[in-house]
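The first residue in the sequence is number 1, and the count goes up from there.
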Amino acid sequence: MATIKDIANKAGVSMMTVSRTFNNPRLVKDEVREKILEIAKELNYVPNQAAKSLASNKTGVVQIVTNMSPGDYYFTQLFTGAAHFLSEYGLSIMINQYRKRDYQHDGAIYMGLEEGEDRKLLKAEKKPFVLFGKSELPIDWVDIDNIRGTYGVTKHLIDYGHTNIGFIGIDQNEAFTKERFRGFKEAMEDNFLVLDNKNFFFVDHSIEGVKDIGDQIVGRKGVTAYVCESDVLAYALIDYCKENDISVPDQLSVVGFDGFMFDQLSTPHITTVFQPVYKIGMELGRILYYRMNNPDAPKQELLIDTEFKAGESVKDLRS
């Protein structure tokens, strides 16, 4: 079995350089690192992770704590982004769904926290961690600009002549749902439009959640468009309209938020807000890795912009 010494001799470098290539690759010049990795491949060298863990008192594992299903496309993209970054530094990822158990780990990414849970987490978590979602506490976080994103897609409806606009939100006590509702309200208020509570609906985040009260939603007199907090909700509303011979966008315009999969599955395609989930995962991995190696560094906050994504689900009422 090949050893670090074998690789070092063949590459003409020190054993320390070979060790750094596998443990701290960013400290090794690109051309040297690539040469070492190629030789390691030729010699079928496999790092002894167990021995490394015992020697360093580290597991080499990062856990992602989530309330989402690993099969969810959104989570898959985020996971892939985080794994892409962390694997470059020899770290593996363990998914801790619904916090069923606490795995041994060197760091953690938390997502889907309800309001106030960050404070409990700050006291309980002894390892470095980063949140997907804002926190006013001394905790690193990455988030998307939910307010600006929903504001923009609402303004798009207004610019197209819609003035009586409803809202379909997710019935969850999470910061992002409140922020998206806030972005909608700010766009309406900034354009001097009436906010009617009777036109606001908050449902389970599912297709059934919308369809169960579909008659109430489409039955609101005078409403020409709905802003939905996710593409799942927008897709469900469009599908309900299709089942009940209501044309989208001719009779009702619909916009969503997310910008992957459901907006393209829908007919017509949904006008929505795109959030770069893969990039979010990469940034979560990057900030966590930095914190793991710089425990006393100042708090990091990263707000990532969304992008407007045009579909065919909005009617222009200006003509």
Side-chain angles (χ1 to χ4, degrees), residues 1 3-4 15-16 18-28 37 40 45-72 74-114 116-135 137-143 174 277-278 280-302:
M1 181 181 292
T3 66
I4 287 179
M15 291 172 62
M16 180 63 72
V18 177
S19 178
R20 283 176 179 162
T21 297
F22 292 105
N23 296 301
N24 288 290
R26 62 193 177 91
L27 300 179
V28 182
L37 292 175
Y45 172 76
V46 179
N48 189 333
Q49 186 62 47
K52 286 168 59 181
S53 297
L54 287 172
S56 64
N57 197 30
K58 292 184 178 181
T59 65
V61 173
V62 166
Q63 68 169 350
I64 296 183
V65 185
T66 179
N67 56 4
M68 299 183 73
S69 166
D72 185 289
Y74 184 101
F75 178 77
T76 301
Q77 288 294 300
L78 186 142
F79 173 88
T80 304
H84 185 169
F85 184 91
L86 293 170
S87 64
E88 291 290 321
Y89 297 92
L91 294 168
S92 302
I93 295 182
M94 178 75 72
I95 300 173
N96 188 348
Q97 191 179 13
Y98 303 117
R99 303 184 209 180
K100 291 179 180 177
R101 58 172 294 181
D102 188 25
Y103 299 101
Q104 292 295 315
H105 61 281
D106 299 330
I109 296 170
Y110 284 86
M111 53 188 295
L113 295 185
E114 293 191 352
E117 284 191 297
D118 56 343
R119 190 170 298 278
K120 297 177 184 177
L121 186 61
L122 185 59
K123 294 179 180 179
E125 177 62 85
K126 303 306 180 185
K127 299 292 185 178
F129 67 96
V130 59
L131 300 183
F132 179 24
K134 299 181 186 69
S135 176
L137 302 176
I139 300 172
D140 297 328
W141 59 260
V142 176
D143 203 1
E174 294 189 29
V277 188
Y278 183 86
I280 294 168
M282 286 275 288
E283 294 294 351
L284 285 165
R286 179 186 65 79
I287 289 178
L288 175 61
Y289 185 78
Y290 183 82
R291 175 60 58 193
M292 290 166 66
N293 290 279
N294 300 275
D296 299 320
K299 170 184 177 180
Q300 293 194 69
E301 303 175 350
L302 179 61

Mind running side-chain contact (heavy atoms from CB on, under 4.5 Å) on Val61 and Gln104 for me, showing each step along the way?
CA-CA 8 Å; Val61 173; Gln104 292 295 315; over 6 Å; no
Qualifying residues under side chain to side chain donor-acceptor pair (under 3.5 Å), relative to Tyr278, sequence neighbours excluded
His84
Within the distance-only criterion (no hydrogens, no angle test), does the side chain of Thr80 pair as donor or acceptor with the backbone N or O of Thr76 below 3.5 angstrom?
yes
Test item: Pro138 and Leu122 side chains (from C-beta on) under 4.5 Å apart, heavy atoms
yes
May I have the step-by-step check of side-chain contact (heavy atoms from CB on, under 4.5 Å) for Ile64 and Leu284, ending in yes or no?
CA-CA 10 Å; Ile64 296 183; Leu284 285 165; over 6 Å; no
Side-chain heavy atoms of Arg286 within contact of Leu302, under 4.5 Å
yes
For Leu37, which residues count as a side chain to side chain contact (heavy atoms under 4.5 Å, CB included) partner, sequence neighbours excluded?
Thr21, Phe22, Arg33
Output all residues satisfying salt bridge (Lys or Arg N to Asp or Glu O under 4.0 Å) with Glu301, sequence neighbours left out; order by chain, then residue number.
Lys299
Nearest-0.5 Å distance that lies between atom NZ in Lys134 and atom CD1 in Ile139
14.5 Å
In chain order, what residues pass the ring pair (Phe, Tyr, Trp, His ring centres under 6.0 Å) check against Phe132, with sequence neighbours excluded?
none
Sequence neighbours left out, what passes side chain to side chain donor-acceptor pair (under 3.5 Å) with Glu117? Give chain and number order.
none
Could you check whether any side-chain heavy atom of Phe75 comes within less than 4.5 Å of a side-chain heavy atom of Ile95, counting everything from C-beta outward?
yes
Atom CD of Gln300 and atom CG of Leu288: how far apart are they, to the nearest 0.5 Å?
10.5 Å
For side-chain contact (heavy atoms from CB on, under 4.5 Å), just list the numbers for Ile4 and Tyr45, CA-CA rounded to whole Å, side-chain angles, deciding distance to a tenth of an Å, and then say yes or no.
CA-CA 8 Å; Ile4 287 179; Tyr45 172 76; 3.4 Å; yes
Can you list everything that forms a salt bridge (Lys or Arg N to Asp or Glu O under 4.0 Å) with Asp118? Sequence neighbours excluded, please.
none
Go through the steps for Val62 and Met292 under the test side-chain contact (heavy atoms from CB on, under 4.5 Å), then give the verdict.
CA-CA 10 Å; Val62 166; Met292 290 166 66; 4.3 Å; yes
